[in-house]
Novice: 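This is the structure I want to talk about, given as structure tokens.
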Amino acid sequence: MSRRVVVTGMGALTPIGNSVDEFWENVKKGTVGIGQNTKFDSSAYKAHLTAEIKNFDPIEFIDKKEARRMEEFSQFAVAAAKEALTDSKLDMDHEDPFRVGCCVGCGIGSLQSVQKNYKKLLEKGPNRVAPLMIPMLISNMAAGNISIQFGLRGKNIDVVTACATGTHCIGEAFRTIQYGDADAMVAGGAESAITEIGVAGFTSLNALTTSEDPKRASIPFDIDRSGFVMGEGAGIIILEELEHAKKRGAHIYAEIIGYGATGDAYHVTAPIEDGSGDAKAIEFAIKDAGIEPGDIDYINAHGTSTHMNDLFETRAIKRAMGDDAYKCKVSSTKSMVGHMLGAAGGVEAIACIKSINDNYVHANAGLINKDPECDLDCPAQGVETEVKVALSNSLGFGGHNAVIIFREFED
């Protein structure tokens with residue numbers, strides 16, 4: 001029999017708040033964290049809006065010397081992990097470090113490091129490339145740096161599935177604990193890819209909106225949606241085996257009960273049009289959780305604000321859940337924080353957990369002209385409603401689908 005897994009800590013660094021409490025408070029207000037790109041001069045670019053972290057000082061979370069040896073995505077990951085571990089009150093001095101692991105991903109790694117060092121290479125030659133360029137840019141360093149900073153010596157992995165990264169990482173951490181390979185796992189995702197080459201690349205894919213209105217830029221399920229807004233940050237949760245958590249008197253926020261993962265085997269960027277790949281991941285997660293589709297109260301949708309994603313994701317939900325798809329609320333956190341890429345699933349998991357804790361479903365901010373083909377219950381305003389079971393859905397370039405399900409904890 002597999003072991004029960006609960007959430008005992010959370011940490012978030014988002015465009016609308018540098019802690020879980022600040023993030024959730026602004027979510028409930030419907031705050032939109034999108035604005036003009038301040039990372040570089042984007043006047044020659046088609047996309048000018050981004051969702052950036054504000055007022056972040058890594059020295060508040062990391063030793064100054066150590067921070068200099070991390071690129072921004074790793075700094076974000078460590079900062080969110082520190083909040084989550086502090087919140088969980090997990091004391092590594094009283095834990096077997098080989099039973100506490102880390103599964104934190106990053107979809108892209110450090111494009112900043114690539115840009116800086118390629119410029120040095122061209123201008124000053126190969127001998128001027130930074131010695132730590134490679135260990136600073138590779139995406140596994142989010143998990144690597146977390147484990148080093150906090151002494152986590154258990155399973156240490158980095159699932160990279162583009163925009164499904166955070167959700168897959170939480171799912172794989174869940175499985176790790178379920179089947180006895182760890183007692184606790186730090187899980188989630190981080191990203192910092194708002195760079196010249198990053199924005200140019202996504203723009204060339206016609207993936208980014210060219211809207212100039214922050215309130216009408218990331219508008220999932222709206223018929224006027226025109227692409228996503230690049231975001232950044234980190235979302236980390238602490239998963240623990242139930243008896244381990246109870247033994248140390250941990251506060252339990254929710255239980256994670258289901259995980260499903262599939263591939264579309266269809267296209268490098270577009271989801272399969274009938275939604276069948278994502279639908280099967282939803283079905284697998286529901287079966288794994290031992291529940292029925294009608295038990296789901298809330299779906300935190302991938303909801304990128306691209307024409308194809310929102311339409312095909314709607315089809316997937318209906319295909320997996322039938323008429324029960326119309327009985328639950330559906331909203332996209334990306335309407336407020338933009339698309340945080342590899343960090344999205346981590347932050348959206350936190351939104352699901354907070355929805356359960358507060359019996360609250362947040363708005364699809366900016367939703368005015370609902371697409372008639374996106375015909376699920378997608379509230380334009382926040383709703384006070386009972387949420388016992390919440391599902392988080394994520395899709396990644398390459399056809400990666402990941403679904404996790406949380407439930408209100410009952411002993």
Novice: If you compare all heavy atoms of Ser113 against all heavy atoms of Ser110, which two are closest, and at what distance to 0.1 Å?
Specialist: N-OG, 3.0 Å
Novice: For the pair Arg248 and Asp91, find out whether any cationic side-chain nitrogen is under 4.0 Å from an anionic carboxylate oxygen.
Specialist: no
Novice: Please check: side-chain N/O of Asp222 versus main-chain N/O of Asn369, any donor-acceptor pairing under 3.5 Å?
Specialist: yes
Novice: Kindly state whether the ring of Phe56 and the ring of Phe61 have centres lying under 6.0 angstrom apart.
Specialist: yes
Novice: Quick one: do His302 and Thr304 satisfy side-chain hydrogen bond (donor to acceptor under 3.5 Å, both in side chains)? Show the steps, please.
Specialist: CA-CA 6 Å; His302 190 57; Thr304 61; 5.4 Å; no
Novice: Any side-chain donor-acceptor pair under 3.5 Å between Glu71 and Ser192?
Specialist: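 Ser192 and Glu71 do not have a side-chain donor-acceptor pair below 3.5 Å.
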Novice: Would you find a donor on one side and an acceptor on the other, under 3.5 Å apart, between the side chain of Asp181 and the backbone of Thr176?
Specialist: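 The answer is no, because no donor-acceptor pair under 3.5 Å joins these two groups.
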Novice: State, to 0.1 Å, how close Phe228 and Met230 come at their nearest heavy-atom pair, and which atoms those are.
Specialist: CE1-CG, 3.8 Å
Novice: Which heavy atom in Gly366 sits nearest to a heavy atom in Ile219, and how many Å separate them?
Specialist: O-CG2, 3.4 Å
Novice: Looking at Tyr360, I'd like to know if the NZ or CZ of Lys28 sits under 6.0 Å from its six-membered ring centre while staying within 45 degrees of the ring's axis.
Specialist: yes
Novice: Evaluate the criterion side-chain hydrogen bond (donor to acceptor under 3.5 Å, both in side chains) for residue pair Tyr259 and Thr167; output intermediate values, then yes/no.
Specialist: CA-CA 9 Å; Tyr259 171 46; Thr167 302; over 6 Å; no
Novice: So, applying salt bridge (charged side-chain N to carboxylate O under 4.0 Å, His left out) with Asp375, which one of Lys318, Lys370, Arg315 is it?
Specialist: Lys318
Novice: Could you state the interatomic distance from OG1 (Thr269) to OH (Tyr266), rounded to the nearest 0.5 Å?
Specialist: 9.5 Å
Novice: Check whether any side-chain N or O of Arg407 sits under 3.5 Å from a backbone N or O of Lys388 as a donor-acceptor pair, and report yes or no.
Specialist: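 No: the side chain of Arg407 does not pair with the backbone of Lys388.
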Novice: Between Lys247 and Glu243, does at least one N-O distance fall below 4.0 Å, as a salt bridge requires?
Specialist: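 Salt bridge flag = no for Glu243 with Lys247.
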Novice: Step by step, work out the side-chain hydrogen bond (donor to acceptor under 3.5 Å, both in side chains) result for Ser19 and Asp21.
Specialist: CA-CA 6 Å; Ser19 68; Asp21 287 346; 5.7 Å; no
Novice: Are His251 and Tyr253 near enough that their ring centres are under 6.0 Å apart?
Specialist: yes
Novice: Can you check whether Ala12's main-chain N or O pairs, donor with acceptor, with Glu83's side chain at less than 3.5 Å?
Specialist: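 Looks like yes, one N/O pair under 3.5 Å.
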Novice: About how many Å separate CG of Asn364 and CD of Gln381, when rounded to the nearest 0.5 Å?
Specialist: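 If I round to the nearest 0.5 Å, the distance is 10.5 Å.
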Novice: Between His339 and Glu191, does a side-chain hydrogen bond (donor to acceptor under 3.5 Å, both in side chains) hold up when you go through it step by step?
Specialist: CA-CA 10 Å; His339 194 344; Glu191 201 79 79; over 6 Å; no
Novice: Going from CG on Leu122 to CG on Asn117, what distance comes out if it is rounded to the nearest 0.5 angstrom?
Specialist: 11.0 Å
Novice: Quick test of your reading of the model: are Lys280 and Glu283 salt-bridged, counting only N-O distances below 4.0 Å?
Specialist: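 So Lys280 pairs with Glu283 through a salt bridge.
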Novice: For Asp63, is there an ion pair with Arg69 - N to carboxylate O distance below 4.0 angstrom?
Specialist: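 Salt bridge flag = no for Asp63 with Arg69.
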Novice: Would you compute the distance between atom OG of Ser355 and atom CH2 of Trp24 and round it to the nearest 0.5 angstrom?
Specialist: 3.5 Å
Novice: I'd like to know if the side chain of Asp213 pairs up with that of Ser211 as donor and acceptor (distance under 3.5 Å, no hydrogens or angles considered).
Specialist: no
Novice: If you measure from the Lys or Arg side-chain nitrogens to the Asp or Glu carboxylate oxygens, is any gap between Lys39 and Glu72 under 4.0 Å?
Specialist: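 Result for this pair is yes, salt bridge flagged.
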Novice: With a 4.0 Å cut-off on N to O distance, would you call Lys334 and Asp310 a salt bridge?
Specialist: no
Novice: Going by side chain to side chain donor-acceptor pair (under 3.5 Å), name the pairs with one or both residues in residues 134-147, residues two or more places apart or in two chains.
Specialist: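 Residue pairs passing side chain to side chain donor-acceptor pair (under 3.5 Å), neighbours aside: Ser74-Asn145, Ser139-Asp158, Ser147-Asn156.
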Novice: Between the side chains of Thr333 and His362, is a donor N or O closer than 3.5 angstrom to an acceptor N or O?
Specialist: yes
